[in-house]
Amino acid sequence: MGLIYLDNNATTKVDPNVLEAMLPYFKEEYANPSSIYDFAKRSNHAIKEARGVIKDFFNAENEKEIIFTSCGSESANTAIRGVLNMNKNKRHIITSKVEHPCVLNVYRALEKEGYKVDYIGVNSNGELDLAQLESAIDDDTALVSIMYANNETGVIFPIEKISQIIKSKNPETKFFVDAVQVTGKIPIDVQACGVDLMSISGHKFHAPKGIGALYVNSKALITPLIIGGHQERGKRAGTENVPYIVGMARAAELAMDNLKYEATEIRRLRDKLEANILKNVFNARINAGVVNRVPNTTNIGFEYIEGELILLHLSDLGICASSGSACTSGSLEPSHVLRAMNVPFTAIHGSIRFSLSKFTTENEIDYVCEKMPSIIEKLTNISPFQDELAALKRLKH
Ligand code: PLP
């Protein structure tokens, strides 16, 4: 077996069709799209077309609501800071405890700058506490920022319902959704969901790293994060990254065509992997239960063993998975997401995320299913928690 890449929530392989669409904009069509000669009109036109595709990807009303950025983190920073700069009289903001650091750390910085912040919790299935959210919103709430799906567990939050709660409590409160982990996995519809701002990132759906987008409803005003020229209607300065914009639009078209496959085949492979591991490994548990999740993700806790050791054994077999998000792996801090879910400390350190993509094959999943029980058995045998493991084994049988 060659490389088995099951870390698609960290990043994805660039689709060859995406690369092909991009190449002319490196080789021949390299003009600055703002220049006035005919040569530049072609790259300008390519951006216009791409904006139309991304508008459809979000199901936005108007192309003017799309801003191209460099990544999901820039989109989130632009959304949060941009909304607050337009509403300087309001000082209360809300987010969840399980956001990606590109939201959570901006909120922490804002707290230091004097904002009152409410961090909404989740239950042991990873579901958001909607009652806590509802009671937190007041007349001073400028912004609520809630992710669409969690990068570590794949749990999907009920965005439409959350929007209704926010707007019924305070119609002026803006709602930003980090949709980075749902793109290409479930359909997105900003109008049906009633969100004001939404971010995506190309490298999570088979476009390259270094390109993202932000949807901003025409009624939601923001200031730019990057100030300079008049690109992106003054909302994001910097010469447009034409090849990457074209690439992300092509990836969005392919993602829209692939949604059915994602919902059926990728879900089937993920479920097969989960069912096999649960059946053959006595100390395995799914972190998130069977709540609504994106079809490609599973987060499995192996009790009384160390996740980093599992990853190293998998890596020796050419299998790529992850413990926590890519940004936190490498540190032995347990994941803030699993902590918020109250995952028992016996499983939190041994939690592994597998995330599939359209390039994942059945043979690969079968190979991982075959290898996991012996890896876990080996690590279980050297665990210092032998009495606890024996008790757990008796309980399971
Ligand atoms: N939001 C979520 C939920 C993510 O998973 C990630 C990346 O892992 C990001 C935002 C950041 O995206 P980017 O790497 O494009 O900055």
Side-chain angles (χ1 to χ4, degrees), residues 5-14 18 54 57-58 67-81 95-108 119-120 122 126 128 144-157 159 162 175-186 188 195 197-215 225-226 236 238 241 244-245 247-248 251-252 255 288 293-299 320-331 335-338 340-341 353-357:
Y5 186 74
L6 296 179
D7 200 16
N8 288 281
N9 285 10
T11 196
T12 57
K13 172 179 166 173
V14 174
V18 168
I54 298 297
F57 194 45
F58 280 112
I67 299 170
F68 290 117
T69 66
S70 68
C71 61
S73 301
E74 186 194 325
S75 296
N77 276 256
T78 304
I80 297 167
R81 294 268 181 198
T95 189
S96 84
K97 288 184 180 171
V98 297
E99 297 297 307
H100 186 271
C102 74
V103 170
L104 218 43
N105 287 340
V106 180
Y107 267 64
R108 287 190 184 128
Y119 297 95
I120 307 300
V122 294
L128 197 71
V144 176
S145 179
I146 301 287
M147 68 201 326
Y148 208 141
N150 186 268
N151 41 307
E152 294 187 36
T153 60
V155 172
I156 299 173
F157 289 147
I159 293 304
I162 293 169
F175 183 26
F176 163 59
V177 175
D178 170 354
V180 165
Q181 286 295 346
V182 295
T183 42
K185 300 174 187 172
I186 57 171
I188 298 177
V195 310
L197 305 103
M198 186 179 273
S199 61
I200 62 171
S201 173
H203 75 102
K204 308 289 185 179
F205 58 103
H206 305 291
K209 294 153 199 65
I211 184 71
L214 177 65
Y215 158 80
L225 190 68
I226 300 178
R236 199 274 187 182
N241 190 347
Y244 281 58
I245 289 171
M248 186 169 66
R293 285 178 299 166
V294 286
N296 80 319
T297 307
T298 179
N299 192 310
C320 307
S322 128
S323 67
S325 62
C327 314
T328 52
S329 69
S331 86
S335 132
H336 70 287
V337 175
L338 301 184
M341 289 164 67
R353 177 187 71 188
F354 294 103
S355 45
L356 288 62
S357 84

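Order of appearance sets the numbers: ligands from 1, and atoms from 1 within every ligand.
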Q: Give a yes-or-no answer on whether the side chains of S322 and N9 include a donor-acceptor pair shorter than 3.5 Å.
A: no

(Q) Any nitrogen or oxygen of A10 lying under 3.5 Å from a nitrogen or oxygen in ligand 1? Just yes or no. (A) no

Q) Out of curiosity, S355 OG to Q181 CD, how far, rounded to the nearest 0.5 Å? A) 7.5 Å

Q: Can you measure from CG (L128) to CD1 (I146) and round to the nearest 0.5 angstrom?
A: 5.0 Å

Q: Pick, from E99, K204, E74, M147, the option with the minimum heavy-atom distance to atom 8 (O) of ligand 1.
A: K204

Q | Note, V195 side chain near F58 side chain (heavy atom, < 4.5 Å) | A | no

Q. What part of K209, side chain, backbone, both or neither, has a heavy atom within less than 4.0 angstrom of ligand 1?
A. neither

Q: Test R353 against every option in D7, N151, T153, T298 by the side chain to side chain donor-acceptor pair (under 3.5 Å) rule and name the one that passes.
A: D7

Can you sort out which atoms of ligand 1 are near [X], meaning under 4.0 Å from one of its heavy atoms?
{"X": "Q181", "value": "3 (C), 4 (C), 5 (O)"}
{"X": "S73", "value": "11 (C), 12 (O), 13 (P), 16 (O)"}
{"X": "S201", "value": "13 (P), 15 (O)"}
{"X": "C102", "value": "10 (C)"}

Q: Determine, step by step, whether N299 and T297 satisfy the side chain to side chain contact (heavy atoms under 4.5 Å, CB included) criterion, reporting the C-alpha distance in whole Å, the side-chain angles of both residues, the deciding distance to 0.1 Å, and the verdict.
A: CA-CA 7 Å; N299 192 310; T297 307; 5.6 Å; no

